[in-house]
Amino acid sequence: LPAAVLLKDTKLMDVKLGQLGSWLAMRDFTPGGILGAMRRGYERYYNKYINVKKGGLGGISMVLAGYIVLSYMWSYSHI
Amino acid sequence: VLHTTRPLHTTQQSLAPVPPLPEKGGEVRHGLIPEEFFQFLYPKTGVTGPYMLGTGLLLYLLSKEIYVVNHETAAAACILTIIVYAIKKFGPQVAAFADKLNEEKVASAQAMKDEAMQTLQTAIEEEKKEQWRAEGHAYLFDAKRNNIAMLLETNYRERLLMVYNEVKKRLDYQVAKQNLKRQKEQDHMIQWVEKNVIQSITPQQQKESIAKCILDLKALSKSAHAAV
């Protein structure tokens, strides 16, 4: 019987909808925590799509597409 | 507070050997959307689900003017067409080129590693050879010991000979001295006897012996005249 997992350590996909608020409140929002989260996200993306033997087009094109969408969203009011 | 879910010290932490890089990255469809999205929607909507979602989203953005169609749209369309065409045409070549670069890097690293292994291997062989040589030193020392023994023997015999010669010389000297002494005694005795004899010849006896000699000579001369 596996030990009960703390809410703090569950991944986002395993959190039930009702627990979402409390889960979000428990996250680390200090500057160090935010930096850590950004670094973790970057490392995940990097190790999955770029740091491989035969990387493909998708690795950078997703980043560029994200940049395009983000810049469109920021400059929407100027159109 | 300990994280009870995280096991401690179960794996053997070590920095080497570094695990090899994964062969292929995450699957991406149409170069833009990761495969996980399609898998996520597959149970509920099947294969066409994400495409329907994409079409609906596009129409919604267009109709609600969230995406505005203006001169930039035309430019974007042209640029995208060219980009897609270029990727389709030159993609494999670029990929082959990049792979070749990677191969060269890996090959040079591997060559260095192989060289290092080779050097170490030859070093091991050399070391073994040196050890074998060191065993031969025993024979060398035996030969040297024999040499030294022979030298000692020779030296000993030389000295023995010298001792013998010296002793012989001394003994010869003693013998010669004795001989000399005896000879001198003999000579001296002979001389003394002669001297005494000559002294004992009195003048009377001398006259008588001289007259006798003259008579004898006369007799002899007579017999000699007769013979002639």
Side-chain angles (χ1 to χ4, degrees), chain A residues 1-17 19-20 22-23 25-28 30 32-33 36-37 40-79, chain B residues 1-7 18-40 54 57-58 61 64-73 75-76 79-80 83-84 86-103 105-106:
Chain A
L1 196 65
V5 182
L6 291 172
L7 184 60
K8 193 157 163 253
D9 291 328
T10 54
K11 300 176 141 185
L12 180 56
M13 296 313 247
D14 298 330
V15 170
K16 306 268 186 298
L17 212 55
Q19 297 170 319
L20 194 59
S22 47
W23 184 88
M26 269 200 248
R27 295 299 290 172
D28 190 2
T30 66
R40 279 200 307 275
Y42 169 78
E43 299 250 312
R44 261 183 67 186
Y45 185 81
Y46 181 74
N47 284 330
K48 181 153 184 215
Y49 290 106
I50 302 187
N51 199 13
V52 294
K53 274 194 198 154
K54 272 183 73 67
L57 181 64
I60 37 162
S61 83
M62 280 198 283
V63 176
L64 289 174
Y67 169 71
I68 289 172
V69 168
L70 203 66
S71 65
Y72 186 83
M73 286 196 324
W74 282 343
S75 58
Y76 181 68
S77 53
H78 300 290
I79 295 176
Chain B
V1 174
L2 264 186
H3 289 209
T4 52
T5 54
R6 190 169 65 106
V18 176
L21 286 177
E23 283 290 329
K24 293 174 70 58
E27 279 285 320
V28 173
R29 226 196 263 207
H30 303 299
L32 279 180
I33 305 154
E35 192 67 32
E36 279 84 9
F37 186 64
F38 291 84
Q39 298 304 323
F40 178 64
L57 203 65
L58 194 62
L61 290 177
K64 286 278 188 177
E65 285 269 301
I66 294 177
Y67 178 67
V68 178
V69 176
N70 48 11
H71 59 288
E72 283 177 10
T73 309
I79 291 174
L80 276 178
I83 286 180
V84 166
I87 286 176
K88 285 267 186 296
K89 198 145 194 304
F90 300 117
Q93 291 178 5
V94 172
F97 177 69
D99 283 343
K100 195 156 71 73
L101 288 179
N102 243 7
E103 278 294 307
K105 281 191 215 165
V106 165

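Residue numbers start from 1 in every chain, and the chains themselves are labelled A, B, ... in the order their sequence lines are given, proteins ahead of strands.
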(request) Please check if atom CZ in B:Phe97 has more than 12 non-hydrogen atoms from other residues, nucleotides or ligands closer than 6.0 Å. (result) no
(request) Please name the pair of heavy atoms, one in A:Tyr76 and one in B:Val68, separated by the smallest distance, quoted to 0.1 Å. (result) CE1-CG2, 4.4 Å
(request) Calculate, to the nearest 0.5 Å, the distance between atoms CD1 and OG belonging to B:Ile83 and A:Ser61 respectively. (result) 10.5 Å
(message) Taking every non-hydrogen pair under 4.5 Å, which of B:Ile33, B:Val94, B:Ile66, B:Val106 racks up the most with chain A?
(response) B:Ile66
(request) List the atom of B:Val28, the atom of A:Tyr49, and the distance in Å for their closest heavy-atom pair. (result) CG2-CE2, 3.6 Å
(request) Between chain A and each of B:Gly91, B:Ala98, B:Gly26, count heavy-atom pairs under 4.5 Å; write down the option with the most. (result) B:Gly26
(message) Surrounding NZ of A:Lys54 (heavy atoms of other residues, nucleotides or ligands, distance under 6.0 Å), is the total greater than 12?
(response) no
(message) Given heavy-atom pairs under 4.5 angstrom as the criterion, report whether the side chain, backbone, both or neither of B:Glu65 touches chain A.
(response) backbone
(request) Quick one: which of A:Leu57, A:Ile50, A:Asn51 has the most heavy-atom pairs under 4.5 Å with chain B, could you say? (result) A:Asn51
(request) Would you name the heavy atoms of A:Tyr72 and B:Tyr67 that are closest together and state the gap between them? (result) OH-CA, 3.3 Å
